[in-house]
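Report on the structure given below.
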Amino acid sequence: MDRITDRKLKNKKFRKSEEAILDAFFLVRNYLSTQKITQAAHISRSTLCRHHGSITKVPINYEIYILKRYQKAIRRLIKKFPIKQLYRRTLIFIIANKKIIQFLHQFGSHNTFENMVYCLKPKIIASRKVSDDEMFKIYAKEVTCVIEDWAQKGYKIDDISVVVGKIMYLTDTVRARLNPITSKN
């Protein structure tokens with residue numbers, strides 16, 4: 001059962017509680033405890049448990065939620081658009097969900113951007129720019145670093161073209177750069 005869904009977030013009371021929980025995490029930062037979070041969010045312990053199960057599940061639930069939203073958005077576009085447009089739309093998606101992405105980057109597993117790149121794997125493999133899984137793993141990490149650098153600089157919408165340009169450079173040169181590393185000697 002998904003703890004967070006778009007349908008649940010349409011409920012004003014649910015959404016208000018979720019916004020308070022996220023704000024509370026940023027507010028208490030280093031002193032994460034159920035008591036501190038519920039006090040900062042002005043919610044009861046039972047509300048937190050009803051929404052997430054426990055304080056440790058909040059980042060996990062949000063990562064599941066954001067990746068499902070991303071997969072749903074990309075699934076419709078992956079066959080229609082070239083890789084460059086998919087990355088542009090990925091960055092726009094990140095900006096649209098900036099608060100959750102920042103939350104995941106600070107309190108989550110730090111794999112959110114890489115997981116997003118993995119959602120594009122079928123398109124990238126089909127482009128024949130990446131020849132095998134080992135090469136794709138390295139490529140995904142490179143692209144993730146570019147996205148993380150952009151995020152650390154403030155998620156500026158004006159920088160999207162530059163970031164996509166860097167990603168496309170990595171994409172277009174991946175075989176030349178990584179084939180010697182990944183080929184079996």
Side-chain angles (χ1 to χ4, degrees), residues 1-78 86-121 137 140-160 162-164 167:
M1 179 180 106
D2 292 339
R3 295 280 185 172
I4 306 166
T5 63
D6 286 337
R7 185 176 180 188
K8 287 180 180 179
L9 287 171
K10 286 180 182 175
N11 177 300
K12 188 177 181 179
K13 188 175 180 181
F14 185 90
R15 186 176 59 251
K16 189 175 178 182
S17 294
E18 284 305 315
E19 288 171 1
I21 290 168
L22 285 178
D23 290 343
F25 264 83
F26 285 113
L27 187 65
V28 241
R29 288 182 204 254
N30 300 327
Y31 307 103
L32 293 178
S33 71
T34 302
Q35 182 180 4
K36 294 271 188 195
I37 294 296
T38 55
Q39 284 175 349
H42 304 291
I43 61 171
S44 68
R45 185 183 188 99
S46 64
T47 299
L48 180 67
C49 289
R50 192 170 51 254
H51 281 236
H52 295 283
S54 75
I55 191 174
T56 59
K57 299 277 175 113
V58 176
I60 296 165
N61 292 337
Y62 268 103
E63 187 160 24
I64 291 167
Y65 166 71
I66 205 70
L67 287 173
K68 281 187 178 186
R69 277 193 76 194
Y70 178 72
Q71 287 170 340
K72 183 178 177 185
I74 282 299
R75 192 177 304 125
R76 291 180 274 131
L77 305 173
I78 203 159
L86 293 173
Y87 278 120
R88 181 176 302 285
R89 297 216 179 212
T90 298
L91 298 178
I92 291 168
F93 177 88
I94 290 169
I95 289 173
N97 295 281
K98 182 179 172 181
K99 186 174 184 177
I100 296 172
I101 299 290
Q102 286 175 320
F103 168 78
L104 290 174
H105 196 70
Q106 188 166 353
F107 301 102
S109 67
H110 300 286
N111 291 339
T112 308
F113 295 145
E114 191 170 343
N115 289 336
M116 288 176 162
V117 175
Y118 269 86
C119 291
L120 301 175
K121 184 178 179 180
K137 286 178 189 175
K141 289 195 182 305
E142 289 181 332
V143 172
T144 300
C145 288
V146 171
I147 296 172
E148 284 176 350
D149 183 53
W150 168 72
Q152 287 178 347
K153 291 177 181 172
Y155 302 88
K156 294 180 182 146
I157 198 161
D158 296 341
D159 294 342
I160 287 179
V162 173
V163 174
V164 170
I167 292 170

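Numbers here simply count residues along the sequence, with the first being 1. The structure presented is a predicted model; accordingly, all values stated were derived computationally and were not measured.
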Please report, to 0.1 Å, the donor-acceptor pairs under 3.5 Å made by any side chain of residues 55-66, with sequence neighbours excluded.
unit_1, atom_1, unit_2, atom_2, d
T56, OG1, S54, OG, 2.9
N61, ND2, H52, O, 3.3
N61, ND2, H52, ND1, 3.0
N61, ND2, K57, O, 3.2
Y62, OH, E18, OE1, 2.5
E63, OE1, S109, OG, 2.9
E63, OE2, S109, OG, 3.1
E63, OE2, T112, OG1, 3.4
Y65, OH, D6, OD1, 2.6
Y65, OH, R69, NH1, 3.2

Just to verify, what does K137 make a salt bridge (charged side-chain N to carboxylate O under 4.0 Å, His left out) with, not counting sequence neighbours? none

Rounded distance (nearest 0.5 Å) linking atom NE2 of H105 with atom CD of E148: 5.0 Å

For K153, salt bridge (charged side-chain N to carboxylate O under 4.0 Å, His left out) partners two or more places apart: D149

What distance do I167 atom CD1 and T144 atom OG1 have between them, rounded to the nearest 0.5 Å? 9.0 Å

Please give me the minimum heavy-atom distance between A40 and A24, naming the atom from each residue. CB-CB, 3.7 Å

pair V163-Y87: side-chain heavy atoms closer than 4.5 Å: no

ring-ring contact (aromatic ring centres under 6.0 Å, His included) against F107, all qualifying residues, sequence neighbours excluded: F25, F26, F103

Compare every heavy atom of H51 with every heavy atom of S17, then report the nearest pair and how far apart it is. CB-CE1, 3.6 Å

Check whether any side-chain N or O of N97 sits under 3.5 Å from a backbone N or O of I100 as a donor-acceptor pair, and report yes or no. no

Taking all atoms of both residues into account, what is the closest heavy-atom pair of G154 and K98, and its distance? O-NZ, 4.0 Å

Rounded to the nearest 0.5 angstrom, the CD-NZ distance for E114 and K141 is 4.0 Å

From I37 CD1 over to L27 CG, what is the distance, rounded to the nearest 0.5 angstrom? 8.0 Å

Partners of Q39 by side-chain contact (heavy atoms from CB on, under 4.5 Å), sequence neighbours excluded? Q35

Hey, are the side chains of M116 and I94 touching, using non-hydrogen atoms and a 4.5 Å cut-off? yes

Quick one: NZ on K68 to SG on C119, what's the gap to the nearest 0.5 Å? 12.5 Å

Walk me through whether V143 and L120 qualify under side-chain contact (heavy atoms from CB on, under 4.5 Å). CA-CA 12 Å; V143 172; L120 301 175; over 6 Å; no

Report the residues that fulfil side-chain hydrogen bond (donor to acceptor under 3.5 Å, both in side chains) with T47, sequence neighbours left out, ordered by chain and then residue number. S44, R50

Is the number of heavy atoms from other residues, nucleotides or ligands within 6.0 Å of CZ (R45) greater than 12? no

Residues passing the salt bridge (charged side-chain N to carboxylate O under 4.0 Å, His left out) test with K16, sequence neighbours excluded, are none

So, using side-chain contact (heavy atoms from CB on, under 4.5 Å) as the criterion, who are the partners of A151 when residues are at least two apart? F113, Y155

Within this structure, what is the CG-OG1 distance for the pair N11 and T5, rounded to the nearest 0.5 Å? 10.0 Å

L91, T90, D159, V146 screened by side chain to side chain contact (heavy atoms under 4.5 Å, CB included) with V164, the one that passes: L91

State which residues pass salt bridge (charged side-chain N to carboxylate O under 4.0 Å, His left out) with D23; sequence neighbours excluded, sorted by chain then number. K99

